[in-house]
Asker: 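Below is the structure I would like to discuss, written out as structure tokens.
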Amino acid sequence: RDPGPESNSKTNMAISQSIVVLLLLAVVGIHCANVDVDLTANAEPFAHYWKRCVGSGHMALGARADWRAHMLKVRNELGFIGVRGHGILDDDMSIIIDGQYNFYNVDQVYDFLLSIGVRPVVELSFMPRALAKCNRVTCEYAFNDPVGGYKGLVMPPADFNDWYKLVRAFTEHLLERYGLEEISQWHFEVWNELWGMDYPGNYMQLYNASAVAVKEIHPTLKIGGPATMQVQYVADFIQRAHAAGLPVDFVSTHFYPSDPACSDDPAGKRDVDCFANTVLGAYNASAAAGLPFYLTEYNDGLEGGDHRDKAYGAAFVLHNIPLLRQLDMFSFWTFTDIFEEGGLYSTPFSNAFGIQNIYGIAKPVYRAFQQLNDAGDLLAQTLVSNTSGVTAFTTIVSNSPHEAFKGARVFLTNFKRNDFPLSADTVTLTIHHAPSVSPPQYAAVSYIDNTHCNPRGAWEAMGSPAYPTPAQLAALDTASKLVETSMPLTVTSPTSVTLQLRLDRYASAFVHF
């Protein structure tokens, strides 16, 4: 029927009001983005590749009660099933005493990890002083022999055959203690970031000795490298190893968005997704050789400030997870601020690398991983338009359009690298469903931003106490938690519902039904 002039007038008024709202949002610097999720389209597999490993400080910390409590927490709440840390062969592990191998401390750490369902990514590092044959004056340590217990000796062995014998004995001990079925699922990574090693010279000799030693214990054990910083030498390492007939079961490297390729190189500085694109370039070299690719260190940047304690870190992870889903391993550095590379700081929030602070208070990035732990194993079709910085992805647990809302989760974040301009965004989220589906009336929504999951902000509001009381720690824990709000969905057609959200700069939102 003809709607008539009254209806047309109402429609024109609604349009006018919408235009006014849009203009007002523009005036106050708020952008408007659209996110469309199609639950009727075919979904694609979504592996939880980020859970396969998380980083730690040096492995002697594994004897500490707080380190263990934090490890158990991320296993249970975030789903991490692997951990990689430096220095399993360091002198602080008492690996060589009076010329004899001693693996008791290794057993204490690895026994605990396996007891909670976490496997080590075995970084073969660093050099026992007995093999470097240096003294207190001539030994070269990572971070210039810092305050604290961490004494990573970064020198080649005086004789590479001595390193071969150590790695062989170490691997044989692991086989005898844990069995082939178990350790054949581990990964042995040679060294870390070429610390104290020139490339290819000393490093390829070290890799050769390590690979021969590990494979002599059993050919099914997995070994790889080069574990470089800044995705260096990935293709070259593959070529050299293959040319020398050395086994390579996986390729590993590290990258941070603060590395020179993104912070100094003109092309990288212009690329808002320099981090993901650089990592994918290294992945492609590994994939061309038919090898798994492990990014065994990353986070949202090594520069100073407070971003690792704030919502920025969570937004960085949520923005990059869907971009890098081809990766086989994506190991965040690190799972706790119980960390000694420059000494263990007592300040509750110091922009340290962990996803939880020294007291186990969850930082915003921890909560991002907590939400990801509940993600489905399928990716639904999600399109973002008219966006300034908003990205989104949707996971589901069923490929049936009649069950699509069951387990569906939408992950939204407003992120650009911190050297790019970014404004707040108002997001219209539209969920498209099959005609036969009765959509839910409400969605559960939670946020990570300056006012949600911000324990550092709460700590600063307390006056930044150096040693918080138990009551203050309880308040900080409460401030760190996700809070869900029930929001009504608007039916916009027989096959769609909508929801409006606001995302401040570096904010993230989670929607489920």
Asker: Does a donor on one side chain sit under 3.5 Å from an acceptor on the other, for E297 and Y256?
Answerer: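 Yes.
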Asker: Apply side-chain contact (heavy atoms from CB on, under 4.5 Å) to the pair Y366 and K73, showing each step before the final yes or no.
Answerer: CA-CA 11 Å; Y366 184 104; K73 186 179 173 186; 3.1 Å; yes
Asker: Are the charged groups of R177 and D111 less than 4.0 angstrom apart, N to O?
Answerer: yes
Asker: Working note: F250 + V121, criterion side-chain contact (heavy atoms from CB on, under 4.5 Å); need CA distance, chi angles, decisive distance, verdict.
Answerer: CA-CA 12 Å; F250 61 89; V121 171; 5.8 Å; no
Asker: If you define the side chain from C-beta out and look only at heavy atoms, does anything of L89 sit under 4.5 Å from W163?
Answerer: yes
Asker: So that I can tick it off, tell me whether D249 and K215 are bridged by a salt bridge, with the cut-off set at under 4.0 angstrom between side-chain N and carboxylate O.
Answerer: yes
Asker: We want to know whether Y294 and S331 form a side-chain donor-acceptor pair, criterion being a heavy-atom distance below 3.5 angstrom.
Answerer: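 The answer is no; no qualifying pair exists.
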Asker: Centroid separation under 6.0 Å, is that true for the rings of F103 and F170?
Answerer: yes
Asker: So among F369, F46, F393, which one has a ring pair (Phe, Tyr, Trp, His ring centres under 6.0 Å) with F411?
Answerer: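 Between F411 and the candidates, ring pair (Phe, Tyr, Trp, His ring centres under 6.0 Å) is satisfied uniquely by F393.
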Asker: Centroid separation under 6.0 Å, is that true for the rings of F332 and F80?
Answerer: no
Asker: Is it true that the side chains of T220 and S184 contain a donor and an acceptor less than 3.5 Å apart?
Answerer: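 No pair is found: no donor N or O on one side chain lies under 3.5 Å from an acceptor on the other.
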Asker: Does the ring centre of H86 sit less than 6.0 Å away from the ring centre of W195?
Answerer: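 They qualify: ring centres under 6.0 Å apart.
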Asker: Does a donor on one side chain and an acceptor on the other come within less than 3.5 Å for E182 and Y110?
Answerer: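 No.
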Asker: Identify the residue among N414, T413, D273 that makes a side chain to side chain donor-acceptor pair (under 3.5 Å) with H319.
Answerer: D273
Asker: Are any of the side-chain heavy atoms of S125 and V154 separated by less than 4.5 Å?
Answerer: no
Asker: Using 30° and 60° as the class boundaries, would you call the ring planes of Y199 and Y233 parallel, tilted or perpendicular?
Answerer: parallel
Asker: I'd like to know if the side chain of D374 reaches the main chain of Q371, judged simply by a donor and an acceptor atom lying under 3.5 Å from each other, with no hydrogens or angles considered.
Answerer: no
Asker: Assess the pair W186 and Y178: is the distance between their ring centroids shorter than 6.0 Å?
Answerer: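 Centroid distance W186-Y178: below 6.0 Å, so yes.
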Asker: Could you walk me through whether V317 and D300 pass the side-chain contact (heavy atoms from CB on, under 4.5 Å) check?
Answerer: CA-CA 7 Å; V317 167; D300 57 292; over 6 Å; no
Asker: Does L344 form a side-chain contact (heavy atoms from CB on, under 4.5 Å) with Y150? I'd like the steps, not just the answer.
Answerer: CA-CA 10 Å; L344 180 57; Y150 182 41; over 6 Å; no
Asker: In terms of side-chain heavy atoms, does D90 have a donor or acceptor partner in H58 at a distance below 3.5 Å?
Answerer: no
Asker: So which of R308, K363, R456 actually passes salt bridge (Lys or Arg N to Asp or Glu O under 4.0 Å) with D337?
Answerer: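 For D337, the salt bridge (Lys or Arg N to Asp or Glu O under 4.0 Å) check succeeds only for K363.
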